[in-house]
Amino acid sequence: MVAHSVLITGCNRGLGLEMVKQLTRGNNTPELVIATCRKPKEAQKLNEVAASNKCVKVIQLDVGDESSYSGLVSHVGELVGAHGLNLLINNAGVSPKSTRINMVKWRQMTDTFAVNVVAPLMLTKVALNAVTKSLSVDLREHNILVASFHPGWVQTDMGGKNAPLRPTESISQLLTQLAQLSELHHGQFLQYDGEQLPW
Ligand SMILES: NC(=O)c1ccc[n+]([C@@H]2O[C@H](COP(=O)([O-])OP(=O)(O)OC[C@H]3O[C@@H](n4cnc5c(N)ncnc54)[C@H](OP(=O)(O)O)[C@@H]3O)[C@@H](O)[C@H]2O)c1
């Protein structure tokens, strides 16, 4: 089992949806999978998974909406009860449509920064690693393991169809790594297949 309870952000499509699907298959499913997304009413595929798996609770969360955080904490607290939340996967992310620096609009960059950076306490993907390291120091005394995972280049809306990996391949290996996470990986940057990546 990966954990007793798991919360994943951005579960309506892409890698988040694939995580929910795989976590609910087989005998080692968590007792509770809290699958968040921005628009639950429109999350048809996620709602289908939830309808056939009682362990999946779909709740609304826009990670860029800081004002919703306290309500979220209360809601999650009620769901997990005395066990607490065992695993938080900050999956939700955006990528500016244009990667050419002279074509990226100000608004695209600030939106990206808000979702990828501020929401899960990171800066850019580069600074994410530094923040992971910093959080790992701060949270060590609370016995909370922190690691960053690179899913590989995957065929999702973000990764595009030329990516070499399918979501099933990336996520099955990534969940295997998560299940084996230990103090040894605390503060590290890891690839979906367990390879440790350089800072
Ligand atoms: N695919 C790759 O090759 C690749 C490579 C490296 C890292 N990653 C990382 O893996 C993660 C998942 O990527 P993906 O490929 O699954 O991307 P994706 O297919 O584009 O899906 C992105 C997900 O994030 C959600 N999201 C975006 N902004 C949000 C917000 N403000 N609040 C809540 N949810 C929000 C989206 O919800 P909506 O439908 O509401 O927009 C969607 O569910 C991201 O953090 C990405 O940076 C992916």
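Start at 1 and go down the list; that is how both ligands and their atoms are numbered.
Close N/O approach between G10 and ligand 1 is found [any backbone or side-chain N/O within under 3.5 Å]. Not one N or O of N90 is nearer than 3.5 Å to an N or O of ligand 1, by distance alone. In terms of N/O distances under 3.5 Å, ligand 1 is approached by V154.
The option from L15, I171, T156 that lies nearest to atom 19 (O) of ligand 1, judged by heavy atoms, is T156. Of the options R38, Q60, Q155, the smallest heavy-atom separation from atom 38 (P) of ligand 1 is shown by R38. Nearest to atom 43 (O) of ligand 1 by heavy atom, out of N12, D157, D65, V63, is N12. For atom 11 (C) of ligand 1, the nearest non-hydrogen atom from the set N91, L61, L46, L17 comes from N91. The option with the heavy atom closest to atom 31 (N) of ligand 1, from among I89, L174, D62, is D62. Evaluated by nearest non-hydrogen atom to atom 5 (C) of ligand 1, the leading choice among S148, G152, S170 is G152.
In the vicinity of W153, heavy-atom distances shorter than 4.0 Å reach the ligand 1 atoms 3 (O). Against a heavy-atom cut-off of under 4.0 Å, H150 is close to the following atoms of ligand 1: 6 (C). Remark: ligand 1 atoms within the under-4.0 Å shell around heavy atoms of G14 are 16 (O), 19 (O).
Atom CD1 of I171 sits about 4.5 Å away from atom CG of L15, to the nearest 0.5 Å. In this structure, the separation between CD on E31 and NE2 on H4 is 4.5 Å, given to the nearest 0.5 Å. The CD atom of Q196 lies 10.0 Å from the CG atom of L184; values are rounded to the nearest 0.5 Å.
Neither side chain, Q177 nor Q173, offers a donor N or O lying under 3.5 Å from an acceptor on the other. Using modelled atom types and a 3.5 Å distance limit, the side chains of Q44 and E48 yield a donor-acceptor pair.
E183 and R140 are joined by a salt bridge, as a carboxylate oxygen and a charged side-chain nitrogen come within less than 4.0 angstrom of each other.
Neither the backbone nor the side chain of A163 has any atom closer than 4.0 Å to an atom of ligand 1 (non-hydrogen atoms only). Counting heavy atoms closer than 4.0 Å to ligand 1, residue K39 contributes nothing at all.
The closest approach between C37 and ligand 1 stays at or above 4.0 Å for every heavy atom of the residue. For G160, the heavy-atom gap to ligand 1 stays at 4.0 angstrom or more.
What you find for F149 and F189 is that their closest heavy atoms are C-CE1, 4.3 Å. In terms of heavy atoms, G84 sits closest to S5 at O-OG, 3.2 Å.
Within 6.0 Å of CD in E66 there are 12 or fewer heavy atoms belonging to other residues, nucleotides or ligands.
Two residues are said to be in side-chain contact when any heavy atoms from C-beta on lie closer than 4.5 Å; T9 and L61 meet this criterion.
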